Structures are given as C-alpha cells and as structure tokens.
Amino acid sequence: QVQLVESGGGLVQPGGSLRLSCAASGFTLDDVAIGWFRQAPGKEREGITCISDVDRFTYYAHSVKGRFTISRDNAKGTVYLQMNSLKPEDTAVYYCGAALGYYHCSEFTPRSANEFDYWGQGTQVTVSS
C-alpha cells in the first residue's frame with residue numbers, strides 16, 4: 001500500500017525553525033520527485049518546493065527561497081523540509097506529494113498540485129507569538 005506520512009509540524013514563534021519529514025512506504029523513492037505543498041484556510045494548495053531524484057534538482061517558490069531547504073534520503077525513504085526564519089504567513093497545513101513517471105522538478109510551479117500522484121495527510125505548522 002502506497003503511503004506518505006508527514007511529521008514534525010507544530011507551534012513555533014516567528015523567527016523559529018522546524019524540520020518536517022515525509023516518510024514513504026509501499027514504494028521506493030528511486031526516480032520519484034517529491035514536492036512540499038501548503039494550504040492555508042480559504043486558500044488553494046500551493047507548491048513551495050520540489051526535489052527530483054535523478055540529479056537532485058531543486059525548485060523553491062519565491063515565498064520560501066533562502067529560508068527553506070528540501071533534502072532527501074532514499075535509503076531511509078524520507079524527504080525533509082528544513083524551515084528557518086519562519087513567519088506568521090507560513091502558517092498552513094503542509095503536505096508532501098510524490099510524482100511518478102520520471103517527473104522532473106524543472107516543471108514544478110506553485111500550481112503543480114494536480115501533477116502529483118500520491119499525498120500524505122498533512123501536518124499543521126503554526127507560526128505565532
């Protein structure tokens with residue numbers, strides 16, 4: 001059974017950091033692109049970062065570039081999202097998604113949610129003092 005499970009969310013003060021994890025089971029991460037998305041109340045799901053497997057190409061949305069870092073450990077079946085300098089506007093439910101079929105993150109945009117095949121259940125991140 002294909003499954004993605006996010007963890008690591010929580011409440012953090014502005015300027016703080018969190019590391020999210022996305023653990024895959026039921027399939028290997030080889031040749032699979034992983035994206036992180038977020039969805040705030042009343043807003044559409046927004047793609048913020050993506051990492052390919054073949055060349056470890058990464059994409060970052062302007063809103064998170066320089067603050068967030070995506071990485072992957074295929075041996076552990078896990079993708080990470082290190083989030084630094086968090087802002088209140090980063091508050092959202094964060095989801096990881098898997099894109100099969102040799103999808104490359106050079107195609108990724110903040111509107112790429114419909115290009116991803118599998119999703120986790122999400123983890124809440126709240127940035128507030």
Side-chain angles (χ1 to χ4, degrees):
Q1 180 181 358
V2 172
Q3 194 172 14
L4 294 172
V5 178
E6 302 96 337
S7 61
L11 173 64
V12 63
Q13 292 187 342
S17 298
L18 283 174
R19 188 175 84 153
L20 306 184
S21 297
C22 171
S25 61
F27 69 105
T28 174
L29 287 183
D30 294 343
D31 300 321
V32 175
I34 299 292
W36 281 98
F37 298 75
R38 65 186 181 187
Q39 190 165 18
K43 294 189 176 181
E44 292 186 355
R45 190 168 296 191
E46 171 196 21
I48 56 173
T49 184
C50 181
I51 185 166
S52 295
D53 182 49
V54 61
D55 55 4
R56 300 302 164 98
F57 178 92
T58 55
Y59 166 96
Y60 293 95
H62 177 74
S63 57
V64 304
K65 197 168 188 176
R67 300 187 297 124
F68 291 11
T69 303
I70 190 171
S71 62
R72 62 192 294 157
D73 185 338
N74 284 16
K76 293 183 178 180
T78 304
V79 176
Y80 304 97
L81 181 63
Q82 178 67 43
M83 306 188 296
N84 298 329
S85 303
L86 283 161
K87 305 175 182 180
E89 52 264 44
D90 294 318
T91 295
V93 178
Y94 283 69
Y95 300 89
C96 62
L100 308 182
Y102 300 98
Y103 178 90
H104 194 270
C105 293
S106 59
E107 305 173 48
F108 190 86
T109 75
R111 295 180 178 272
S112 288
N114 62 351
E115 298 170 4
F116 282 69
D117 303 292
Y118 299 109
W119 294 93
Q121 82 291 346
T123 186
Q124 176 71 46
V125 172
T126 302
V127 184
S128 175
S129 55

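Please read these numbers as outputs of a predicted model, since none were measured by experiment.
- Residue pairs meeting the ring-ring contact (aromatic ring centres under 6.0 Å, His included) criterion with at least one member in residues 108-129, sequence neighbours excluded: Phe37-Phe108, Phe37-Phe116, Phe37-Trp119, Tyr59-Phe108, Tyr103-Phe116, Phe108-Phe116.
- Residue Phe57 places its CZ atom among more than 12 non-hydrogen atoms of other residues, nucleotides or ligands, all under 6.0 Å distant.
- Within the 3.5 Å criterion, the main-chain N or O of Lys76 finds a donor-acceptor partner in the side chain of Thr78.
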Solution key, residues 5-14 side-chain donor-acceptor pairs under 3.5 Å, sequence neighbours excluded:
| from | atom 1 | to | atom 2 | distance (Å) |
| --- | --- | --- | --- | --- |
| Glu6 | OE1 | Gln121 | N | 2.9 |
| Glu6 | OE1 | Gly122 | N | 2.8 |
| Glu6 | OE2 | Cys96 | N | 2.8 |
| Glu6 | OE2 | Gly122 | N | 3.4 |

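- Residue pairs that meet the salt bridge (charged side-chain N to carboxylate O under 4.0 Å, His left out) test with at least one member in residues 103-113, sequence neighbours left out, are Glu44-Arg111.
- The side chain to side chain contact (heavy atoms under 4.5 Å, CB included) test applied to Arg67 returns Val64, Ser85, Lys87, Asp90, not counting sequence neighbours.
- With sequence neighbours excluded, the residues satisfying side chain to side chain contact (heavy atoms under 4.5 Å, CB included) with Asn74 are Leu29, Asp30, Asp53, Arg56, Arg72.
- Judged as a side-chain hydrogen bond (donor to acceptor under 3.5 Å, both in side chains), and not counting sequence neighbours, Gln3 has no contacts.
- Scanning for side chain to side chain contact (heavy atoms under 4.5 Å, CB included) contacts around Ala40 gives Lys43, Ala92, with sequence neighbours left out.
- Atom-to-atom distance recorded for Lys65:NZ and Thr58:OG1 is 8.5 Å, nearest 0.5 angstrom.
- For the atom pair CD1 of Ile34 and CD1 of Ile51, the computed distance is 9.5 Å after rounding to the nearest 0.5 Å.
- Applying the side-chain hydrogen bond (donor to acceptor under 3.5 Å, both in side chains) test to Ser106 and every residue at least two apart in sequence or in another chain returns His104.
- Sorted by first then second residue, the disulfide bond (SG atoms under 2.5 Å apart) pairs that include residues 97-129, not counting sequence neighbours, are Cys50-Cys105.
- For the ring-ring contact (aromatic ring centres under 6.0 Å, His included) condition, no pair includes a residue of residues 65-99, sequence neighbours left out.
- At least one side-chain heavy atom of Leu100 sits under 4.5 Å from a side-chain heavy atom of Val32.
- No path of Ile, Leu, Val, Met, Phe, Trp and Tyr side chains, each step under 4.5 Å between heavy atoms, connects Leu20 with Val93, placing them in separate hydrophobic clusters.
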_Worked verdict on Thr69 versus Leu81 for side chain to side chain contact (heavy atoms under 4.5 Å, CB included)_ = CA-CA 6 Å; Thr69 303; Leu81 181 63; over 6 Å; no
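- By the side-chain hydrogen bond (donor to acceptor under 3.5 Å, both in side chains) test, Thr126 pairs with Gln124, sequence neighbours left out.
- Note that CZ of Arg19 is 7.0 Å distant from OG of Ser71, once rounded to the nearest 0.5 Å.
- Here the straight-line distance linking atom OG of Ser112 with atom CD1 of Ile48 works out to 13.0 Å at 0.5 Å rounding.
- Listed by chain and residue number, Ser17, Gln82 satisfy the side-chain hydrogen bond (donor to acceptor under 3.5 Å, both in side chains) test with Asn84 (two or more places apart in sequence, or in another chain).
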_Derivation of the side chain to side chain contact (heavy atoms under 4.5 Å, CB included) call for Val125 and Met83_ = CA-CA 10 Å; Val125 172; Met83 306 188 296; 3.9 Å; yes
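- Listed here is the closest heavy atom pair of Ala98 and Leu4: N-CD1, 3.8 Å.
- Within the 4.5 Å cutoff, no side-chain heavy atoms of Pro110 are placed close to those of His62.
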